[in-house]
There are 2 protein chains.
Amino acid sequence: MAIGPVSRTAVSDAVFAGLLEEILGGRLVPGDPLPSERELAEGFAVNRHAVREALKRLQQSGLVAISQGGRTRVQDWRQHAGLESLVALSFSGAVPPAKLVEDILVMRAAVGADAARLCAEVATPAQVDAVQRAAADYPETPSPPEQLVAVDLVFWTAVVDGSQNVAYRLGLNTLAGGIAQIGADHFAGLLEEYADRDTHVALADVIAARDARAARDQAAHLLGLPLSTSTPR
Amino acid sequence: MAIGPVSRTAVSDAVFAGLLEEILGGRLVPGDPLPSERELAEGFAVNRHAVREALKRLQQSGLVAISQGGRTRVQDWRQHAGLESLVALSFSGAVPPAKLVEDILVMRAAVGADAARLCAEVATPAQVDAVQRAAADYPETPSPPEQLVAVDLVFWTAVVDGSQNVAYRLGLNTLAGGIAQIGADHFAGLLEEYADRDTHVALADVIAARDARAARDQAAHLLGLPLSTSTPR
DNA sequence: CGAAATGAACTGGTCCAACCAGTTGACAGG
DNA sequence: CCTGTCAACTGGTTGGACCAGTTCATTTCG
């Protein structure tokens with residue numbers, strides 16, 4: 001066991017995680033009232049303020065509805081939770097991790113392909129440069145999963161930056177955060193097949209050539225997005 | 001002025017909004033330390049707990065980094081903020097609202113098109129049914145913007161549900177929330193051109209026919225996504 | 001008897017004050 | 001000059017009190 005800082009989890013974070021677990025795990029059905037703040041504080045053996053911090057965050061995530069005087073109630077995460085709750089789902093068992101990983105990669109593919117298209121259209125010269133440099137950084141030989149995921153992230157960050165679409169940028173942040181928390185290992189296997197340097201360099205080149213159509217197709221192929229052919233397995 | 005419940009903004013929400021404004025407005029540059037919790041409490045004339053609740057939420061949004069003992073520092077939202085911060089950007093002036101609306105619609109187009117493809121491939125019969133019913137609900141005559149946006153949301157919710165992709169579902173929630181907060185008016189004009197009933201019914205039909213390719217193309221066309229032709233205006 | 005007013009017993013919202021637990025930096029000692 | 005130390009910050013946590021809405025059983029009046 002290596003020597004390092006002990007993981008000091010803040011109390012309110014623990015409460016947040018605990019309630020998240022209860023809600024996403026399905027033990028609290030949408031519409032159900034949560035125990036009162038005072039009861040929760042007693043149950044978790046923490047101060048009420050800590051509970052309140054956790055509840056405020058759950059509210060921000062769209063997982064509960066708080067109303068003064070009334071009770072705090074659970075909301076349906078499928079209806080109200082935002083993309084940022086994606087990660088939490090993987091730890092709660094509400095959705096099988098494998099399914100979740102696949103879904104994330106599918107979204108990555110759709111967004112990535114369109115970002116590549118936009119990037120070819122509107123990226124500044126400096127941004128195109130960044131894409132080409134990122135592509136050149138891909139390792140030529142097989143590499144450990146973490147490094148692969150890291151390099152991949154740098155490349156696609158450059159592409160999304162070039163697309164100059166704020167929504168894509170923030171969405172990438174969320175998905176990247178999700179990948180990081182779920183663990184690179186789960187993604188490495190799925191990424192490996194696409195992770196050859198030449199293809200990425202080629203993509204960077206068509207972007208540099210301002211060929212939006214080619215950039216889109218190349219990216220879609222790279223990311224495993226079914227495109228011109230519909231093959232419902 | 002109509003009579004109605006006064007808007008009772010929670011104190012911590014006000015603090016959250018205030019700090020959001022400071023950060024996204026650029027008055028606090030990434031790396032800058034925030035005033036201490038005690039100073040903020042005094043500045044906003046509220047209790048320190050309210051400040052803490054707000055800061056916790058900012059931390060969850062990836063906008064600040066909190067460390068015990070050290071000072072709380074501003075993070076670069078372009079690097080760390082998630083998709084859920086999209087709306088906040090529109091109110092801070094960090095990104096022009098028009099640009100933001102366009103970016104959201106572009107993302108909606110990319111995701112919507114792929115969701116339609118998936119929906120045609122994997123949706124359950126019940127889900128296909130829901131899509132067709134939603135399409136039938138489109139008004140045949142011009143309608144007020146709010147209603148248009150609402151009907152549109154129902155339709156695409158059905159499509160995304162049919163895609164059975166959790167990431168798409170949560171992403172839709174986030175984008176829909178963004179549209180709601182920014183105001184339907186900003187979107188109505190852009191939506192109008194695509195909002196004819198026949199096209200949506202046609203899309204629903206190709207989905208029901210399980211034609212993934214056609215569903216994708218139809219949806220892309222409907223959402224204004226450049227596809228087979230790359231026409232950098 | 002039934003409908004409306006009442007009010008106690010909840011709920012969350014806010015505040016004060018104190019103390020614990022890390023970080024920082026100036027300052028004294030080697 | 002380097003180094004240890006300690007006071008003065010920072011955020012983290014707690015307790016308790018009170019305010020402000022909601023709920024619902026009870027009471028009161030038509």
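No experiment lies behind these values; they were computed from the predicted model shown. In what follows, chains are A, B, ... by sequence order, proteins preceding strands, each numbered from 1.
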**Asked** Can you tell me how far P of C/dC19 sits from CZ of B/R52, to the nearest Å?
**Response** 18 Å

**Complete:** On DNA chain D, more 5' by nearest nucleotide between A/G69 and A/A10 is A/A10

**Message:** In whole Å, I'd like the distance from the CG atom of B/L58 to the P atom of D/dG11.
**Reply:** 13 Å

**Prompt:** Are any non-hydrogen side-chain atoms of B/Y168 and B/V159 less than 4.5 angstrom apart?
**Reply:** no

**Asked** Any side-chain heavy atom of A/E84 sitting closer than 4.5 Å to one from B/T174?
**Response** yes

**Fill in**
note: A/R71, atom CZ; C/dC10, atom C1'; distance rounded to Å ~ 9 Å

**Message:** With a 4.0 Å cutoff (strictly under), does any side-chain N or O of B/T72 reach OP1 or OP2 of D/dG11?
**Reply:** yes

**Item:** Closest nucleotide among C/dT14, D/dT14, D/dG12 to the B/V11 side chain
**Value:** C/dT14

**Message:** In this structure, how many angstroms lie between the P atom of C/dT11 and the CG atom of A/L55, rounded?
**Reply:** 13 Å

**Item:** d(CZ, A/F44; P, D/dT13) in whole Å
**Value:** 14 Å

**Asked** Could you state the CD-C1' distance from A/E53 to D/dG11, rounded to the nearest angstrom?
**Response** 11 Å

**Prompt:** Rounded to whole angstrom units, what separation is found between the CG atom of A/N47 and the C1' atom of D/dA17?
**Reply:** 13 Å

**Complete:** Comparing B/S36 with B/H49, nearest DNA chain D nucleotide closer to 5' gives the residue B/S36

**Message:** Do A/R78 and B/V166 have side chains that approach each other closer than 4.5 Å (heavy atoms only, starting at C-beta)?
**Reply:** no

**Asked** Would you say the base of D/dG12 and the side-chain of B/R48 have a donor-acceptor pair closer than 3.5 Å?
**Response** yes

**Request:** Figure out the CZ/C1' separation between B/R38 and D/dA8, and round it to whole Å.
**Result:** 11 Å

**Prompt:** How are the rings of A/H200 and A/Y138 set to each other: parallel, tilted or perpendicular (split at 30° and 60°)?
**Reply:** parallel

